[in-house]
Chemist: 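Here it is: the structure, laid out below.
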Amino acid sequence: MNLEATLTQLVAEAVKSLYGFEAGVNQIQIQKTKKEFDGDLTVVIFPFVKAARKSPEQTGQEIGEFLQKNNSLIANFNVIKGFLNLSISKSYWLDTLNQIHEDAEFGKTPVTDNSELMMIEYSSPNTNKPLHLGHIRNNLLGFSIAEIQKANGWKVVKTNIVNDRGIHICKSMLAWKLFGNGETPESTGMKGDHLVGKYYVVFDKAYKAEIKELMEKGMSEEDAKKSAPLILEAQKMLLGWENNDPEIRQLWETMNGWVYAGFDETYKQMGVDFDKIYYESETYLTGKSEVERGVEEKAFYQRDDKSVWADLTGEGLDEKLLLRADGTSVYMTQDIGTAKLRYNDYPINKMVYVVGNEQNYHFQVLSLLLDKLGFEWGKSLVHFSYGMVELPEGKMKSREGTVVDADDLMAEMIETARETSQELGKLDNCTPEEIEKIARMVGLGSLKYFILKVDPRKNMTFNPKESIDFNGNTGPFIQYTHARIKSVLRKAAESGIEFGKVANTSLEISEKESYLVQLLTEYPAVVRQAGEEFSPALIANYIYDLVKEYNQFYHDFSILKEENEELKRFRLVLSETIAKIIKLGMGLLGIDVPERM
RNA sequence: GGUUCCGUAGCUCAGCUGGAUAGAGCAACGCCCUUCUAAGGCGUGGGUCAUGGGUUCGAAUCCCGUCGGAAUCACCA
């Protein structure tokens with residue numbers, strides 16, 4: 001039982017014995033004591049004053065005395081207004097520290113055969129252009145959520161649905177065919193996804209030129225957009241694709257192959273991965289047959305023009321198209337098909353979609369549709385909806401060239417990390433390989449942390465300059481603290497100090513030190529809550545708190561110079577435990593922490 | 001217009017299952033490297049928690065209205 005639960009019980013006993021008051025669980029409020037006051041934990045007295053028929057101060061005093069008398073856990077107490085501040089005995093903190101120190105899996109709920117399975121979909125790129133900053137937020141959130149749920153005892157399957165078919169891919173293909181001169185990633189040295197993206201832009205330019213030309217001839221913009229030769233040709237290509245035209249299929253496979261090779265590189269650099277990848281080209285037909293099944297089962301209906309609709313007006317939404325009059329599928333159809341296949345492939349207990357908040361409506365509808373089709377988890381699917389990433393100068397717009405490319409950004413972060421450590425002379429006695437490895441950890445760590453520390457639901461501003469600034473609430477600050485602790489531990493080991501655990505648990509430690517132990521005890525609760533709320537930000541901010549407190553501690557004491565051997569050993573154990581939690585916590589965010597930097 | 005989300009320091013963000021004087025970082029200024037890594041620490045200044053009401057012993061937090069901003073309401077994906 002944890003400390004808070006124990007205290008809740010003790011307080012319940014106290015008020016019952018003192019005032020005959022049967023307190024409900026909600027009425028006993030225990031919280032961390034604010035820094036300005038003495039004590040570790042605080043009991044809010046207000047709920048009991050009515051039953052006690054005394055002033056809050058007096059009531060607090062009585063409860064405090066009762067607790068102290070009946071339990072050795074409470075070393076001391078004070079009452080300020082309606083708040084009873086309890087000081088927990090030092091030996092409790094020392095015992096607790098020993099326990100946390102020994103537990104390599106602290107804060108983790110083990111995954112067993114009985115664990116439920118959570119499937120998490122994230123990334124979900126289109127194959128016509130490279131990944132950008134928005135995808136980075138998606139990928140980092142998806143990966144981190146998967147790690148967090150694993151730590152909470154879920155079996156997790158990470159999945160990716162690749163949108164590999166449609167008019168947008170045909171645009172790239174057509175432009176490459178017309179203007180590409182047979183360029184390949186090998187011949188140009190470009191990453192495959194960038195090469196294909198380049199031709200997507202080429203298409204757009206040429207298409208716009210055609211529209212302009214047609215408009216100058218007096219055509220309306222709307223008509224020009226519809227009748228420009230290039231778009232007609234692209235549509236023809238899409239039709240050819242659907243009809244399995246061998247030449248078009250060949251080109252499609254080749255160019256998608258380039259893109260996948262490029263994506264793999266980006267994913268690897270970012271440190272994310274997937275257990276199972278689905279492709280829309282393989283799921284959209286299933287979607288069609290599922291929708292047809294829905295028509296047969298009267299869940300959906302067909303209009304006179306043969307188009308298929310779902311009537312969601314009963315659920316407070318509109319009617320939703322599921323198949324066009326010509327029988328071709330829409331986005332929703334494909335998602336239904338993908339869901340069906342996943343359901344066949346895995347015993348899914350909970351399905352999570354990591355997708356931007358611009359699709360909130362889509363997932364609201366999808367949830368209802370899956371439910372109508374009889375998927376048990378349809379209703380309880382989670383749309384992990386996150387906000388957009390904006391730049392200081394406004395939104396990212398591909399047309400205006402304000403998109404931040406994922407590969408470029410990561411490379412830039414790593415480069416900056418390298419330059420910074422060089423300037424500071426931090427890595428003078430490291431090998432080039434070590435320097436490279438550390439620069440990568442730090443550069444990517446700063447990017448990841450910057451993005452993950454923000455509440456996912458909120459839109460956020462990504463300031464490239466600020467993210468490369470390694471001060472304050474940043475990844476490098478945390479990594480730096482970890483590296484410094486490791487450095488102390490190395491020195492301690494060199495001088496032959498042993499610190500397996502704290503032997504003398506009646507040691508007098510300072511308030512600051514017991515507070516650090518208290519912070520450590522909160523880690524499992526933070527992990528649990530982060531899982532429930534799907535919020536890596538909770539973990540990020542917790543670790544920052546811990547690190548900030550530890551840094552202050554470090555400046556107050558000199559560990560290795562401490563004369564009292566017992567105290568020195570305690571501080572080494574404390575430091576080592578904090579380093580462990582930093583590593584575990586950052587691991588849940590997908591961030592590596594270096595041993596030195 | 002309907003629905004959903006957001007509004008906290010000049011800027012970027014915490015805090016939101018109601019509790020004490022609302023916290024960090026950045027930016028500005030002033031200190032601290034004969035001390036385990038100064039990518040650090042300490043200090044100073046900076047707030048009508050968008051706004052008006054309600055609920056109560058107590059509201060940044062819960063409820064309602066208003067004002068601002070975003071997303072969405074496609075036979076796009």
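Below, chains carry the letters A, B, ... as their sequence lines are ordered, and counting in each starts from 1. Computed from a prediction, not measured in an experiment: that's the story for all the values here.
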Chemist: A/L538 or A/Q31: which one's nearest nucleotide on RNA chain B is closer to the 5' end?
Modeler: A/L538
Chemist: Suppose we define a pair by two distances each less than 3.5 Å, Watson-Crick or G-U wobble; what does B/rC57 pair with here?
Modeler: B/rG19
Chemist: Would you say A/K81 places a side-chain N or O within less than 4.0 Å of OP1 or OP2 belonging to B/rG58?
Modeler: no
Chemist: Please check the phosphate of B/rG25 (OP1 and OP2 only) for any side-chain N or O of A/K453 closer than 4.0 Å.
Modeler: no
Chemist: Can A/F37 be said to stack with the base of B/rA20, given centres closer than 5.5 angstrom and planes under 30 degrees apart?
Modeler: yes
Chemist: Within the structure shown, what part of the strands sits under 4.0 Å from A/N463 by heavy-atom distance: base, sugar-phosphate, or nothing?
Modeler: nothing
Chemist: What's A/R596 touching, base or sugar-phosphate or nothing? Going by heavy atoms closer than 4.0 Å.
Modeler: base
Chemist: Could you tell me how the ring of A/F48 sits relative to the ring of A/F21: parallel (under 30°), tilted (30 to 60°) or perpendicular (over 60°)?
Modeler: perpendicular
Chemist: Kindly indicate whether the side chain of A/K561 and the base of B/rU35 share any N or O donor-acceptor pair separated by less than 3.5 Å?
Modeler: no
Chemist: If you go through the side-chain atoms of A/T474, does one of them form a donor-acceptor pair with the base of B/rA39 closer than 3.5 Å?
Modeler: no
Chemist: With RNA chain B as reference, determine whether A/I438 or A/F83 sits nearer its 5' end, using the nearest nucleotide of each.
Modeler: A/F83
Chemist: What contact category does A/S487 fall into here, base, sugar-phosphate, or nothing, at under 4.0 angstrom with non-hydrogen atoms?
Modeler: base
Chemist: Please list all pairs passing the ring-ring contact (aromatic ring centres under 6.0 Å, His included) test where one or both residues lie in residues 459-488 of chain A, with sequence neighbours left out.
Modeler: A/F450-A/F462, A/F477-A/Y544
Chemist: Need one value for A/Y544: base, sugar-phosphate or nothing, where a base atom within 4.0 Å counts as base even if backbone is also close, heavy atoms only.
Modeler: sugar-phosphate
Chemist: Taking atom P in both B/rC42 and B/rA24, compute the distance separating them and give it to the nearest angstrom.
Modeler: 10 Å
Chemist: Classify the nucleic acid contact of A/F46 as base, sugar-phosphate or nothing, counting any heavy atom under 4.0 Å across all strands shown.
Modeler: base
Chemist: Along nucleotides 71-77 of chain B, 5' to 3', which nucleotides get a B, which get an S, and which get a -, given that the test is a protein heavy-atom distance under 4.0 Å?
Modeler: SSS-BSB
Chemist: Would you say A/R484 reaches B/rG40's phosphate, i.e. side-chain N/O to OP1/OP2 under 4.0 Å?
Modeler: no
Chemist: May I ask you to verify if any side-chain N or O of A/N471 is less than 4.0 angstrom from the OP1 or OP2 atom of B/rG40?
Modeler: yes
Chemist: Rounding to an integer number of angstrom, what distance separates B/rU3 and B/rC75 when you compare their C1' atoms?
Modeler: 22 Å
